[in-house]
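Each chain gets a letter, A, B and so on, in the order its sequence line appears, and its residues count up from 1. Because the structure is predicted, anything quoted here is derived from the model rather than measured.
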Number of protein chains: 4
Amino acid sequence: MNKAPKRRSLPPEARRKSIMDAALVVFSEKGFANARIEDIARHAGIGKGTVYLYFPDKESLFKSLISEALGPLLMTAHARLEEARLPPRETLGIFFDLIRTEVLGTEKRDLVQLMAMEMRNFPEIAEFYHDTIIRAGLALILRVLERAEARGELRSTAVLKVPQVIFAPALLSVIWNANFARYGDLDLDAAFDFYLDTLFKPAEGDAP
Amino acid sequence: MNKAPKRRSLPPEARRKSIMDAALVVFSEKGFANARIEDIARHAGIGKGTVYLYFPDKESLFKSLISEALGPLLMTAHARLEEARLPPRETLGIFFDLIRTEVLGTEKRDLVQLMAMEMRNFPEIAEFYHDTIIRAGLALILRVLERAEARGELRSTAVLKVPQVIFAPALLSVIWNANFARYGDLDLDAAFDFYLDTLFKPAEGDAP
Amino acid sequence: MNKAPKRRSLPPEARRKSIMDAALVVFSEKGFANARIEDIARHAGIGKGTVYLYFPDKESLFKSLISEALGPLLMTAHARLEEARLPPRETLGIFFDLIRTEVLGTEKRDLVQLMAMEMRNFPEIAEFYHDTIIRAGLALILRVLERAEARGELRSTAVLKVPQVIFAPALLSVIWNANFARYGDLDLDAAFDFYLDTLFKPAEGDAP
Amino acid sequence: MNKAPKRRSLPPEARRKSIMDAALVVFSEKGFANARIEDIARHAGIGKGTVYLYFPDKESLFKSLISEALGPLLMTAHARLEEARLPPRETLGIFFDLIRTEVLGTEKRDLVQLMAMEMRNFPEIAEFYHDTIIRAGLALILRVLERAEARGELRSTAVLKVPQVIFAPALLSVIWNANFARYGDLDLDAAFDFYLDTLFKPAEGDAP
DNA sequence: AATGAATGAGGATTCATTCAT
DNA sequence: CATGAATGAATCCTCATTCAT
């Protein structure tokens with residue numbers, strides 16, 4: 001005569017994943033402070049208490065979300081860009097494509113937006129993100145730019161002092177779409193094209 | 001049923017201002033949700049209840065902060081840029097200077113950061129900001145870019161489809177400095193130089 | 001060069017009265033707990049602090065209101081009823097008339113309603129009211145009823161055990177009109193007629 | 001960011017009931033405005049927050065209290081009086097008995113007192129109460145009185161214009177006992193007897 | 001393991017009261 | 001005398017967290 005039919009579906013790792021998926025949705029929509037654990041649980045189709053079997057508290061859930069999802073990001077990029085020894089312009093083109101398809105085109109976009117919103121409140125996240133992703137990403141980009149400079153293809157050396165600016169359009173896009181989508185989307189392709197068009201001189205030997 | 005010490009002082013407008021100043025500090029540091037009215041009051045050197053003599057509630061205080069400080073921003077820019085019929089590149093240079101000195105160099109920087117953080121939670125603010133500042137700002141920039149294009153000075157016409165990208169470095173700077181300042185400031189001058197260098201062709205008749 | 005034009009109109013006793021008038025209005029409308037001192041002050045056309053020059057606190061104001069207005073009530077009645085040695089039925093008729101014109105027809109009606117509402121929260125008021133008004137009023141009525149009984153005019157001696165019931169229609173009227181006036185007023189005249197018609201037998205020697 | 005002991009126990013409907021019981025006690029004692037949710041919780045032997053699991057806010061709790069307890073009141077009366085086609089005097093006698101045993105003799109008495117106190121502040125309650133109870137009650141009584149009149153048993157037809165007066169002794173009793181019990185209870189039996197004795201003529205054919 | 005009822009710390013807001021002007 | 005800006009105690013309500021089932 002069992003009364004509570006105790007669901008027992010997902011294996012633990014999958015359950016953990018489904019909670020993080022739900023958390024991404026809810027945190028993205030409301031921000032950390034306004035997201036209620038109960039909402040996340042409901043989204044994941046589980047009870048409130050269950051969340052605490054997988055994460056010690058709300059903050060941990062949030063931090064896990066950020067680090068586990070954004071961590072692997074650069075791996076791919078790095079590998080793919082380093083191996084192919086393409087001309088800088090093509091390399092950057094591929095990089096932009098990666099950003100577009102691997103981040104902005106997926107729900108990871110929401111994570112980036114979340115980070116921009118909440119980093120201020122979670123310095124450890126900022127630190128983790130900086131040490132793990134930013135630093136490596138900037139180094140990666142910087143190497144490409146320096147190669148371009150070495151080949152005399154860089155139109156302005158100023159960019160070597162702010163490699164971060166390469167990420168500006170992506171950041172802009174995330175923030176714009178999160179807040180102003182209803183007034184018209186931002187044309188990300190145009191933004192990337194603009195960068196590619198202006199950053200590099202035409203390939204050697206092209207028309208003057 | 002209460003006691004109550006006392007303290008008379010500031011004229012009402014000054015008091016209101018001092019509350020908004022304190023609010024900017026506290027909201028910037030903690031974000032809207034984590035800022036306690038009592039903190040703001042203490043920062044302003046007044047009692048909790050006094051805040052409510054000047055603002056009906058926490059949200060109003062926040063919104064007033066945003067709208068009263070950012071509202072007048074574009075006025076100046078617009079006036080100054082339109083009157084001076086300078087070449088596009090110079091015009092944009094002045095514009096960047098304005099951003100640097102009037103926004104990023106002042107505490108308004110914190111407001112922009114606050115907006116980027118909280119707009120998601122306050123759609124009315126996003127709307128107000130879009131209608132009041134963004135739209136006008138984009139139109140302003142677009143006119144400059146189109147003038148440049150008409151003069152054949154634009155290196156890539158792609159930017160005409162995303163005038164927002166002109167603001168990307170400023171946004172990046174705000175977010176970077178808010179979160180990663182301790183890892184080294186972002187070189188905003190270099191970013192602006194980079195834009196100016198690559199956006200425009202050398203003036204007509206210059207050396208090839 | 002005076003800046004504040006310091007009003008200085010009413011003499012102190014009149015000022016005190018005007019505050020109590022305002023208090024009656026506001027307390028009646030909102031009840032003690034929901035009435036704000038500031039509302040009362042505004043009603044009286046004075047500043048908030050001025051109220052405290054005449055009453056030490058909100059509760060005192062309320063109590064003064066009750067006791068000073070209801071206190072003198074019975075004086076009149078007593079005097080008028082005792083002196084005129086009319087038959088009981090006429091005496092009670094006059095008494096009902098007094099209630100109608102001196103209480104229910106004036107703003108004192110609101111005071112009675114206020115009392116019915118707030119006595120529970122102010123036992124001292126209940127005590128004062130009981131000792132000052134109720135006891136005397138019941139004694140007065142009881143004497144009339146006993147005179148009627150002595151003359152063999154009382155239809156039921158049960159009323160001698162609950163003289164309070166003589167006041168029931170007045171109380172009912174106050175509460176009904178305070179809460180249900182919009183659904184139609186209560187016919188107070190009919191209620192008093194009903195009492196007079198049923199309480200007493202027809203005068204001695206009348207037709208069977 | 002919180003701790004939390006525990007305690008499991010009552011089934012939900014019982015828990016809800018226990019909160020309403022506690023609420024009746026506390027609201028009756030202090031009135032709506034002065035009752036603290038925490039007091040009610042403590043009375044019910046539960047934590048503050050638990051109240052909010054069963055009622056969205058203080059006002060809802062109060063309104064539920066009123067409507068759920070007083071709503072069913074008339075059902076009984078109506079049924080019992082209509083079915084038994086007794087003479088008017090007996091019918092009214094039964095009605096008074098019902099009031100005495102079903103209302104004044106139970107804690108519902110406190111509810112009536114609460115209503116008399118708070119209706120002013122909650123017009124919706126007044127409306128609900130009027131539409132649900134009062135109207136039906138008055139119609140019920142009126143029918144009895146009219147039957148009496150048709151049978152020539154009514155001593156004064158004035159009562160047909162204020163059937164509310166039939167409830168006056170009950171109301172008086174509630175208010176008296178709530179406020180002046182310590183000075184001696186009101187003799188409710190005498191009051192009802194008085195009404196029954198005077199309202200109706202002796203049954204037809206009795207001695208003159 | 002999973003649940004959700006129960007808890008109480010935390011923070012927004014109100015308003016009686018004081019007192020500098 | 002009069003004023004109303006300033007104060008902070010008091011209370012409602014939310015929601016992260018716990019734990020009996």
**Request:** Count the heavy atoms of every other residue, nucleotide or ligand shown that sit under 6.0 Å from NZ of C:Lys17, and state whether that count exceeds 12.
**Result:** no
**Request:** Look at B:Tyr54 and F:dA6 and indicate whether a side-chain polar atom (N or O) is within less than 4.0 Å of OP1 or OP2.
**Result:** yes
**Message:** Please report the distance, rounded to the nearest Å, between CG in D:Asn34 and P in F:dA10.
**Reply:** 13 Å
**Request:** State the pairing partner of E:dA20; accept Watson-Crick or G-U wobble contacts with both distances under 3.5 Å, and report none otherwise.
**Result:** F:dT3
**Prompt:** To the nearest Å, how far apart are B:Asp39 CG and E:dA12 C1'?
**Reply:** 13 Å
**Request:** Would you kindly give the CD1-to-P distance between C:Ile37 and E:dT14, to the nearest whole Å?
**Result:** 18 Å
**Item:** Under-4.0 Å side-chain N/O to phosphate OP1/OP2 contact, C:Arg15 with F:dA2
**Value:** yes
**Message:** So A:Ala35, base contact, sugar-phosphate only, or nothing? Heavy-atom distance under 4.0 Å.
**Reply:** sugar-phosphate
**Asked** Do D:Asp21 and D:Ser18 get their side chains close enough for a donor-acceptor pair, meaning under 3.5 Å?
**Response** no
**Nearest-nucleotide comparison on DNA chain F, the residue closer to the 5′ end among C:Val51 and D:Thr50** = C:Val51
**Prompt:** What is the distance from CZ of D:Arg36 to P of F:dC12, rounded to the nearest Å?
**Reply:** 7 Å
**C:Tyr52 OH - F:dA5 P separation (whole Å)** = 16 Å
**Message:** If you compare all heavy atoms of B:Ile66 against all heavy atoms of B:Leu111, which two are closest, and at what distance to 0.1 Å?
**Reply:** CD1-CD2, 3.8 Å
**Complete:** Between B:Lys58 and D:Lys48, the residue closer to the 5' end of DNA chain E by nearest nucleotide is D:Lys48
